[in-house]
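We name chains A, B, ... by the order of the sequence lines, and we start the count at 1 in each one. Just the heavy atoms: all of them, side chains too, but no hydrogens, waters or symmetry mates, feed the values below.
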Number of protein chains: 2
Amino acid sequence: MKPWILSFHDGAAAASDRVGGPAARVAAGLPTPLGFRVESEAAASWLRDERWPDAVKDALAAAVAKMAAQTQGPLVLWVRAADVGPGAPEPLEGVGLHPGVLPALEASLGEIAAKSLWVSFLRAWGEGVIGIHATRFQRLDGVRAEASDGAALSVVATGLIDLIHSCRGSVPGDVLGQVTLAIESVWRAHGSARAKYQRRVHGVAETDGPAVEVMVLPLDGSNETRGTGTVWSRDPTTGAAGLRGSWREGGWTVADSGSVGTLPDAVVHALAPYVAGCEKLLRDGVAIRYLMSGARVWVLDARPMPRATLAAIQVAVDLANEGVIDRSEALMRVDPASLESLLRPTIAPGAIRRSIAKGLGASQGAATGRVCFTADECLAMREQREPAILVRVDASAEDIVGLGVAAGILTTRGGQTSHVAIAAREKGLPAVVSCSEITVDYTRSLLYAGDNIVGRGDWISLDGSTGDVLLGRAELVEPPGAGDALRVLLGWADSVARVAVRANADAAADAARARSFGAVGIGLCRTERMFYEPDALRALRRAILAEDGRARARALADALPLMREQFRALFSQMAGFPVTIRLLDPPLHEFLPRRPEDVASVALELGLRTETLAARVEQLAEVNPMLGLRGVRVGITRPEIYRAQVRAIFEAACQLTAEGVAVAPEILVPLVSAERELRHIRAIIVEVAEQVVAEHNVPVTYQVGTMIELPRAALLADRLAGSADFFSFGTNDLTQMVWGLSREDQGRFIPLYLAAGVLEGSPVARFDVDGVGALVRIAVEKGRAAKPRLGLGACGEHAGDPSGIAFFHDVGLDHVSCSPFRVPVARLAAAQVALGRRAAKAP
Amino acid sequence: MKPWILSFHDGAAAASDRVGGPAARVAAGLPTPLGFRVESEAAASWLRDERWPDAVKDALAAAVAKMAAQTQGPLVLWVRAADVGPGAPEPLEGVGLHPGVLPALEASLGEIAAKSLWVSFLRAWGEGVIGIHATRFQRLDGVRAEASDGAALSVVATGLIDLIHSCRGSVPGDVLGQVTLAIESVWRAHGSARAKYQRRVHGVAETDGPAVEVMVLPLDGSNETRGTGTVWSRDPTTGAAGLRGSWREGGWTVADSGSVGTLPDAVVHALAPYVAGCEKLLRDGVAIRYLMSGARVWVLDARPMPRATLAAIQVAVDLANEGVIDRSEALMRVDPASLESLLRPTIAPGAIRRSIAKGLGASQGAATGRVCFTADECLAMREQREPAILVRVDASAEDIVGLGVAAGILTTRGGQTSHVAIAAREKGLPAVVSCSEITVDYTRSLLYAGDNIVGRGDWISLDGSTGDVLLGRAELVEPPGAGDALRVLLGWADSVARVAVRANADAAADAARARSFGAVGIGLCRTERMFYEPDALRALRRAILAEDGRARARALADALPLMREQFRALFSQMAGFPVTIRLLDPPLHEFLPRRPEDVASVALELGLRTETLAARVEQLAEVNPMLGLRGVRVGITRPEIYRAQVRAIFEAACQLTAEGVAVAPEILVPLVSAERELRHIRAIIVEVAEQVVAEHNVPVTYQVGTMIELPRAALLADRLAGSADFFSFGTNDLTQMVWGLSREDQGRFIPLYLAAGVLEGSPVARFDVDGVGALVRIAVEKGRAAKPRLGLGACGEHAGDPSGIAFFHDVGLDHVSCSPFRVPVARLAAAQVALGRRAAKAP
């Protein structure tokens with residue numbers, strides 16, 4: 001049996017130590033304090049048998065005794081898990097302290113510093129080792145914060161000892177006794193349900209047990225020359241080359257790494273020679289926590305640099321260019337999800353956050369503006385050149401118009417995949433949704449959040465990442481922008497990824513953004529968005545209310561030039577790239593006004609009696625709109641609408657082709673459940689397309705495909721493939737049908753499910769590989785079997801999510817399509833999954 | 001090449017003729033007029049080449065010439081398809097008539113009879129041969145109906161000839177020309193899209209083309225002794241043994257078989273000797289159409305008896321007992337769907353039907369009663385001992401109470417699988433739903449149907465089979481009742497069926513009915529129905545509105561004795577048989593009032609402020625209730641509700657077990673989509689069950705199972721099987737999810753789909769084997785693979801539908817469960833599919 005306890009300075013330890021661990025650092029020449037490691041086998045044994053093997057216990061006693069012999073003054077230790085991953089407990093500082101050694105420590109550090117360390121130790125012992133809940137320390141924490149002399153600190157220490165005793169805990173009077181309990185607490189924490197849960201959530205593999213490090217805290221210097229800090233091998237914010245560091249004079253605790261400042265020369269001299277070697281050792285930028293004591297500099301900890309996204313990218317690209325790592329590794333180093341924050345403004349890190357409510361962060365980035373309750377108010381606010389935050393219970397077609405002129409949006413209902421959330425993400429507009437802590441009173445133009453009352457025109461701020469709603473005008477930081485390093489990295493990504501990344505874009509501005517983020521096409525243009533434009537909306541409303549097909553066609557003719565111009569602009573932006581255009585999808589009643597005041601004004605606009613319009617609205621209302629007259633059902637029952645859309649698409653395509661612009665439209669039919677639906681609509685599309693092409697006498701190549709968003713479409717994909725050139729998986733709707741769960745209504749029970757541990761996440765937010773994935777797999781297999789060259793893409797919200805992309809890669813899709821701001825995320829994620837799968841296959 | 005034209009009296013013809021065809025009848029000795037058959041090969045050739053082969057044309061001319069030579073007087077013929085199946089045209093009578101032969105015919109038959117035949121021929125020629133649409137004959141049909149003398153009939157004949165000419169048609173002046181065109185019209189009709197559609201709908205296999213029969217109409221007798229009619233070998237209504245017949249003196253047309261009356265002795269003497277042989281030949285009761293001409297009786301047609309259901313059953317059982325057919329064949333002879341009508345009253349056949357609107361017939365049988373618009377009005381009507389018809393736009397929990405005291409129900413919305421339709425079917429209550437031609441004005445207590453205005457208390461009648469709404473008090477006929485023959489037949493059915501038939505029953509009365517119809521258990525008890533009872537509803541409402549779990553539990557405790565009594569009654573009725581009880585399924589807001597006036601009265605009842613209740617109702621409202629907080633989601637978020645239900649079930653089970661009654665509860669968890677949901681609820685069920693069992697100290701054996709009604713449950717059935725003793729397929733919801741189609745909203749587009757030929761039937765009404773079936777198959781395979789002894793049943797509406805039962809048999813389910821009135825249908829259907837599959841397997 002190999003020894004389960006190894007000294008850092010034992011040659012044998014270096015081999016068994018993890019890269020960058022203390023023994024390895026010793027081997028690399030870094031000044032490391034005395035210490036030893038308890039191997040994970042000991043943890044496994046203890047967790048299994050609930051007792052220490054005798055031999056290990058003896059070895060521990062010997063190791064502690066040896067350290068004591070080699071140390072001058074009181075033995076003060078640091079005990080922690082060797083790997084600080086999800087679920088690992090905080091390090092314990094000051095192990096070994098007890099009333100008997102305090103006088104000696106006071107003599108060495110001074111009374112205040114020594115007693116502070118003692119109090120700090122007792123506090124950590126009580127919570128970490130004895131397991132007392134944090135809330136029970138509240139009173140003493142308050143006293144401690146105010147304590148300014150030794151006497152006050154002594155009172156706190158006594159209070160902490162009393163609390164520990166009252167909870168049937170104790171603080172052993174000997175070093176070995178404390179070390180033993182401290183090590184056990186690390187092991188116990190590792191085996192807890194909470195830690196297991198956290199590891200599962202973060203995707204960290206389970207191990208038998210954690211190795212534990214026990215290290216001397218060198219506390220023997222004078223006050224003047226003592227301090228702690230961190231040295232970074234590169235700038236932790238930007239990743240720029242060159243040493244950075246922090247320094248806290250007189251600091252005695254290592255928990256705080258501080259922020260970038262000026263380093264004492266002694267530290268630079270002591271550590272600079274080792275930094276490059278340390279980077280090679282860790283194959284990454286490094287953060288070295290040090291403690292300066294007298295003239296000596298000790299390295300407490302050397303780890304890969306935790307750093308801001310921008311820095312992560314810069315470091316990864318630089319290291320690859322410097323040959324320290326290869327490009328594949330550089331690609332694996334950056335968290336795709338972190339890229340999105342680079343492109344949006346955020347609330348300044350130091351800003352005062354007067355949070356008044358918390359909802360779901362539905363679209364990243366931050367916004368500040370003045371409260372508006374209607375789209376009209378937003379427009380008026382824009383006239384005054386003031387930013388507006390649109391606040392609504394939930395958002396309808398009327399409100400979507402407001403999105404174009406608001407700086408941010410806040411709703412009290414709806415979920416992260418509600419229409420408004422999706423629209424906000426695509427516009428790059430910060431949004432907080434499902435904020436049930438806020439009540440909106442439209443009549444009085446007020447919102448209530450707890451005791452706060454906010455009126456129209458008052459300033460609020462939204463943090464679309466955390467879901468926080470802040471009172472007042474928060475300070476924002478502009479986005480750092482993509483930068484050259486990101487461009488380089490994503491270029492590498494594209495060369496290894498197998499899944500192409502397109503963008504969801506409904507208008508030319510979105511398409512331009514998509515291109516600038518590197519999208520290689522539009523995977524989803526939702527044509528309904530074109531009808532949010534007032535003139536087009538009026539035409540569509542007249543068509544919806546028309547008595548017969550001819551009147552409907554007449555009404556739509558008014559919207560034709562407008563639609564054609566929108567398609568022209570979209571095609572122009574995406575010249576040379578495919579553009580997938582989905583025909584009208586939402587239920588028709590979504591385009592009609594719902595609120596009585598809107599009904600009245602729309603009726604006036606359309607020249608109808610209010611009662612007539614109200615009756616038609618009532619008639620078109622549905623019990624379950626999600627399962628009603630929408631998608632291809634609109635196309636089959638009101639063919640004039642699809643005909644008008646197809647005509648506009650092909651008129652635009654013909655015009656541009658004649659002008660020499662390369663156009664590749666792909667017409668997408670939504671909500672298909674039966675082969676004959678698709679055949680029926682395909683015939684209409686082909687008829688209109690050929691008619692327009694003949695009128696213009698210009699050839700246009702196009703494809704016709706179907707959404708796979710109903711279980712039946714997936715189950716019978718082989719039949720649909722007969723009438724489809726491509727499939728586009730709509731995982732939003734597919735998820736709703738597979739789970740029988742509406743994205744609008746899931747908020748009622750999913751939080752309770754998460755609380756009860758029945759689910760680990762909402763399937764709406766996280767792609768359900770087991771259920772929805774099984775259907776996608778069936779559809780891909782059946783579709784490709786029937787038509788090997790069938791195009792396959794995904795355009796749901798999950799298509800921009802790294803775990804979704806991994807699945808779509810595995811199942812063999814050609815492309816994913818996500819909101820423009822997610823395109824860089826998806827490109828990197830697509831590369832990572834390709835690399836990961838290649839590595840898994842390698843022998 | 002075998003001859004394509006064969007005389008009935010040619011010996012070779014009998015071999016090629018179908019059983020019961022004219023040549024076979026000649027061979028059996030029945031007096032058959034001269035005639036010949038044009039074989040189907042000729043049709044196939046003509047349909048392919050659009051011309052007659054020369055040899056066949058010559059043979060036709062020869063056959064006609066030969067008949068003419070053998071016939072005295074004018075040659076008058078009958079031309080028709082040999083097999084009268086779906087899509088076949090009406091027979092053409094009078095072929096060969098033209099102005100040149102009329103005088104001779106008048107001399108033989110008299111002026112009126114001859115001219116009537118001439119007019120009748122021209123009318124049939126115009127529509128059947130020339131293809132003039134029926135509507136264009138309207139005016140002349142009117143004149144003809146009034147015509148009482150020869151002159152008037154001549155006017156009609158001239159009008160018909162003019163109409164035919166104006167449509168570029170003609171009536172050839174020679175027999176051969178007419179026969180040729182008449183035969184072609186039969187062929188053309190067979191090849192039409194309409195006929196193909198009808199054959200597909202009726203499941204009749206496609207053939208190359210129809211054989212055609214051409215036969216002489218013997219019209220040579222005197223007026224006194226001439227007549228036509230039908231002889232039935234058994235009573236066509238009851239199936240009782242013994243000859244029955246009809247006789248129409250002076251009749252000259254054979255299209256009308258007349259009704260049972262007294263037969264002339266001559267007919268009895270002429271045909272009686274042949275009847276038993278004819279039954280053996282056809283292996284069924286027979287209907288022989290005859291024509292008596294002078295002293296001679298001619299058989300025009302001999303076919304299996306078309307007969308009422310009761311007769312069909314009696315004849316099938318008698319023939320099997322007489323050894324003419326075996327029991328399997330007797331079982332195959334009766335249409336399962338026809339059994340349902342035996343158990344419900346119907347509108348008397350001769351009753352005057354003043355139809356004012358047509359909806360969907362949602363529950364068979366007929367009802368007559370006085371219009372009521374609320375449940376309270378129904379109650380008041382019952383006090384007056386008058387039957388009530390409840391009329392609603394759609395039905396809510398409030399209205400369901402009314403179902404118990406109404407004689408029938410009429411709604412203007414909702415579909416055939418709406419809650420009210422299902423409830424009505426299970427109560428055996430006639431219902432017409434989705435009757436959009438009717439507008440209900442609650443304020444004035446009036447309903448409008450076209451020009452008709454019907455007020456509260458006025459009499460209307462409903463035909464739940466056809467969907468007709470009739471003004472006034474229609475005469476009803478009581479149901480004939482099951483009868484001994486049906487009992488015998490269903491006994492035979494049970495001995496061959498592999499799928500057992502249970503019933504859906506929510507209360508003891510339904511269970512009693514289910515047992516009387518032979519259900520071997522309850523496959524679905526919907527516990528929500530128990531809460532339609534006012535006291536229980538009040539308790540549930542208090543629980544829904546409770547602030548926390550304890551208040552919720554307290555509120556439900558009030559309903560416990562009531563629930564326990566209901567379960568006791570149910571278990572007692574089903575002693576010795578399994579009872580599957582589904583825990584609460586609907587969204588909670590379904591139990592709260594919706595209409596403002598109801599909110600006010602319920603608030604008063606619960607001691608709440610109206611605004612408070614209105615706010616809570618608003619809060620619980622959902623955008624897509626079908627996809628919201630219901631089923632197991634209620635159980636997980638409000639466990640007190642399921643706990644109370646499970647306690648009531650087991651208290652009842654323990655009490656009865658102690659009394660010596662055999663009880664076998666099966667607890668069914670609805671709307672499960674993830675394994676952990678089921679495990680979570682199963683743990684609660686087991687905990688409460690064991691607690692109650694311990695309190696009573698009586699052992700109760702029970703099972704816990706899950707509904708498979710969401711696609712995800714089907715896709716991951718292997719995992720669910722781990723926590724389930726049985727699965728119950730809920731094909732209603734599964735269909736809605738697979739198609740993304742709400743049963744409430746599908747009425748908006750499905751009719752247009754059917755009209756456009758995009759679908760052949762609503763998937764809600766007809767089991768979708770391809771899509772929904774694929775998921776069921778996956779679930780069965782995965783479930784059984786994980787747990788071979790897993791119980792499998794189906795309880796959706798399709799479970800009572802013969803095509804659904806065939807699928808469930810094929811896929812290997814243990815039982816189906818349907819409404820009590822459908823149990824006989826399902827038992828017979830289950831036997832038929834078992835026999836059909838056995839026959840298909842036999843060599």
| Does some side-chain heavy atom of B:R712 sit less than 4.5 Å from a side-chain heavy atom of A:D770? | yes

Side-chain heavy-atom pair B:D394, A:V623 within 4.5 angstrom cut-off: no

Should A:L627 and B:L627 be marked as a side-chain contact (heavy atoms from CB on, under 4.5 Å) after you check the CA-CA gap, both sets of side-chain angles, and the distance that decides it?
CA-CA 9 Å; A:L627 307 173; B:L627 306 172; 4.3 Å; yes

Here the pair of heavy atoms bringing A:L710 nearest to B:W739 is CD1-O, 3.3 Å

Give a yes or no on this: more than 12 heavy atoms of other residues, nucleotides or ligands lie within 6.0 Å of atom CD of A:E611.
yes

Under 4.5 Å to a heavy atom of chain A? For B:I778 that would be side chain

If one checks every heavy atom of B:D733 against chain A at 4.5 Å, the contacting part turns out to be neither

Please flag which part of [X] lies under 4.5 Å from any non-hydrogen atom of chain B: side chain, backbone, both or neither.
X      : answer
A:L629 : both
A:R630 : neither
A:L716 : side chain
A:V632 : both
A:R679 : neither
A:L715 : side chain

Sorted by chain and number, sequence neighbours left out, ring pair (Phe, Tyr, Trp, His ring centres under 6.0 Å) with A:Y642 holds for none

Ranked by heavy-atom pairs below 4.5 Å to chain B, first place among A:V772, A:T637, A:L752, A:V738 goes to A:V738

Of the listed A:P625, A:A714, A:A774, A:A713, the one with the largest count of heavy-atom pairs under 4.5 Å with chain B is A:P625

Next on the checklist: Set out, in order, the CA-CA distance, both residues' side-chain angles and the distance that settles side-chain contact (heavy atoms from CB on, under 4.5 Å) for B:R676 and A:Y753, then state yes or no.
Outcome noted: CA-CA 10 Å; B:R676 277 201 258 172; A:Y753 264 55; over 6 Å; no

Exercise. With side-chain contact (heavy atoms from CB on, under 4.5 Å) as the test, would you mind laying out the steps for A:Q736 and B:N624 before giving the verdict?
Key: CA-CA 11 Å; A:Q736 297 185 77; B:N624 293 288; 5.6 Å; no

Greatest number of non-hydrogen atom pairs under 4.5 angstrom with chain A, of B:G771, B:S673, B:G740, falls to B:G740

Comparing B:H680, B:E675, B:E677 against chain A, the one with the most heavy-atom pairs below 4.5 Å turns out to be B:E677

CG of A:L741 to CE of B:M737, rounded to nearest 0.5 Å, is 9.5 Å

